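Structure record follows, encoded as structure tokens.
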Amino acid sequence: MSSQTLKDARQYEEKIGKAVPETDRPLFHLSSYSGWMNDPNGFSYYKGEYHLFYQYFPYDNRWGPMHWAHATTKDFLNWKYQPAALAPDTRPDADGCFSGSAIELDDGSHLLFYTGVNVTDKYQVYVQQQCVAIKDKDGEEYVKYEGNPVLTSKDLPEGYSRYDFRDPKIFRQKDGLFAAVMCACKDKDGRIAYYTSKDGFDWQFKGILAENNGRFGTIWECPDFFELDGKHVLICSPMNMRKTRTKYNSGNGTMCLIGEFDEENTKLIEEVDQPIDGGIDFYAPTTMLTPDGRRVMVAWMQNWETIVYGSKDQFPWFGMMTTPRELHVIDNHLCQTPVRELNNLRRNKVEYKDISVSDWMSLEGVNGRIIDMTVNVRPHETEDYKHFELRFAQGEDMFVSVRYRRSDGFVTVDRRYSGIRNAVINQRKMKVKDTDGFIKLRVILDRFSAEVFINDGEQVISTTFYTPQSANGISFSSDGVAVMDVEKYDLSFD
Ligand code: FRU
């Protein structure tokens, strides 16, 4: 039996979400059905489909008491909205069902592991506890466990905060036990707590997997931990980052630590750290393992620091997810490429080879707002170039640009001229590997966003923009002579 709060949310989303014309949404990026979306949650494979839930407030384009929305897909691109899965309607989650994860149990049921928050304590601050909800093999609804919460601050070591204890990510260890990593905090500093369980309900504290010690922001939200290509990877979203020269931006960032897992001591032996996406809109990435063995990541293609609430006037939804991305660790570096299923949407190939670029130019047939385009740039044999720039979503006086500057190896994404009226962060820079003027940019556009995969996914920058769809031009320039090959496809399900 679902509660009135959940019924209300479902009724509301059905009314609002259903009425949104398809062309008012991205084609293949999951956008909020109605109202607000933040973190992806419960990314999992269950009963022949991929499931993705998300932080959801259906009633407004702003964050509010968190529900879990629900969508399913067979190919990571063609999403089907399902009725909202969780609402804040029990005592431990009376003020919100915060982020979490999902897994299939041995009996064929689907378990959601999430953070319940309530402000019942005297300080009126969110107390955070971990809860579970379960859908039976043949059930229709995610039913909250009567024994919730299954983890409280009593399950943390001495001195840990009860207000920053959230975002459990469940997975299976090699020995078959369930394990979960979650955000924890001591002395206002981020820690990753590690728990194990035989059944997903009864959890035991194992240890602290990693400690920030003031290095990367403060609290590490939404952790994920997995083995990939022989290494162990911890992903998290640190709050309050400090800008560094070449790696990190200020505000809410994302990061991965790559190293070895010392299982006996439940410690990640760190080797390298890396930002995950250097663009404007990216936060709270989370992963799943597909049945064919791929580690696929999806993130909120938005960031707390760059929210443009104004879009409510345009659409009754706010927030979208990135294209799901396949991950690899190559030479201790996390690489990302769009899921291979995206290739099935490619239509109308347009190809150019050895085009010399100096002054602004465009190419016949190279335009559009739902495209997959790869631009391979190199210096001219006899002349050189210092900057290469690519503009898209280009109309009369509007465009979004990606610039590569050889002198310092920075790629800049710039949406100042996308028609945006908000003075939020509209430019971001990311340093790329020195490749002597050779750079490969794969640009995925889907009406309101761009994801640029640099040098086969060594680095990625993602941004949203709400430029009118009629602005669909693409142009290129360099200040010397660069040579490029361009391969462009429209993306479509038809
Ligand atoms: C990250 C986050 C999570 C929390 C959720 C609340 O974006 O702050 O830590 O669970 O959002 O919506």
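First listed ligand is number 1; within each ligand, the first listed atom is number 1. Model, not experiment: these values are computed from the prediction.
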Side-chain ion pair, Asp106 and Lys198, N-O less than 4.0 Å: no
Inspect the contact between Arg294 and Glu341 and indicate whether a charged nitrogen and a carboxylate oxygen are less than 4.0 angstrom apart. yes
How about Trp203 and Tyr195: are their ring centroids closer than 6.0 Å?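 Centroid separation for Trp203 and Tyr195: 6.0 Å or greater.
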Quick one: salt bridge (charged side-chain N to carboxylate O under 4.0 Å, His left out) pairs with a partner in residues 20-41, sequence neighbours left out?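 Residue pairs with at least one partner in residues 20-41: there are none.
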Go through the steps for Val127 and Val119 under the test side chain to side chain contact (heavy atoms under 4.5 Å, CB included), then give the verdict. CA-CA 6 Å; Val127 173; Val119 289; over 6 Å; no
Decide if atom NZ of Lys80 counts as having more than 12 heavy atoms of other residues, nucleotides or ligands within a radius under 6.0 Å.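 For Lys80, atom NZ is not crowded (no more than 12 foreign heavy atoms under 6.0 Å).
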Please tabulate protein-ligand N/O pairs under 3.5 Å for ligand 1, atom names and distances to 0.1 Å.
unit_1: ligand 1; atom_1: 7 (O); unit_2: Asp39; atom_2: OD1; d: 2.7
unit_1: ligand 1; atom_1: 7 (O); unit_2: Asp39; atom_2: OD2; d: 3.2
unit_1: ligand 1; atom_1: 7 (O); unit_2: Trp304; atom_2: NE1; d: 2.8
unit_1: ligand 1; atom_1: 8 (O); unit_2: Glu221; atom_2: OE2; d: 2.8
unit_1: ligand 1; atom_1: 9 (O); unit_2: Arg166; atom_2: NE; d: 2.8
unit_1: ligand 1; atom_1: 9 (O); unit_2: Asp167; atom_2: OD1; d: 3.4
unit_1: ligand 1; atom_1: 9 (O); unit_2: Asp167; atom_2: OD2; d: 2.7
unit_1: ligand 1; atom_1: 9 (O); unit_2: Glu221; atom_2: OE2; d: 3.0
unit_1: ligand 1; atom_1: 10 (O); unit_2: Ser99; atom_2: N; d: 3.1
unit_1: ligand 1; atom_1: 10 (O); unit_2: Asp167; atom_2: OD1; d: 2.6
unit_1: ligand 1; atom_1: 11 (O); unit_2: Asn38; atom_2: ND2; d: 3.3
unit_1: ligand 1; atom_1: 11 (O); unit_2: Asp39; atom_2: OD2; d: 3.1
unit_1: ligand 1; atom_1: 12 (O); unit_2: Asn38; atom_2: ND2; d: 3.1
unit_1: ligand 1; atom_1: 12 (O); unit_2: Gln55; atom_2: OE1; d: 2.7
unit_1: ligand 1; atom_1: 12 (O); unit_2: Trp63; atom_2: NE1; d: 3.0

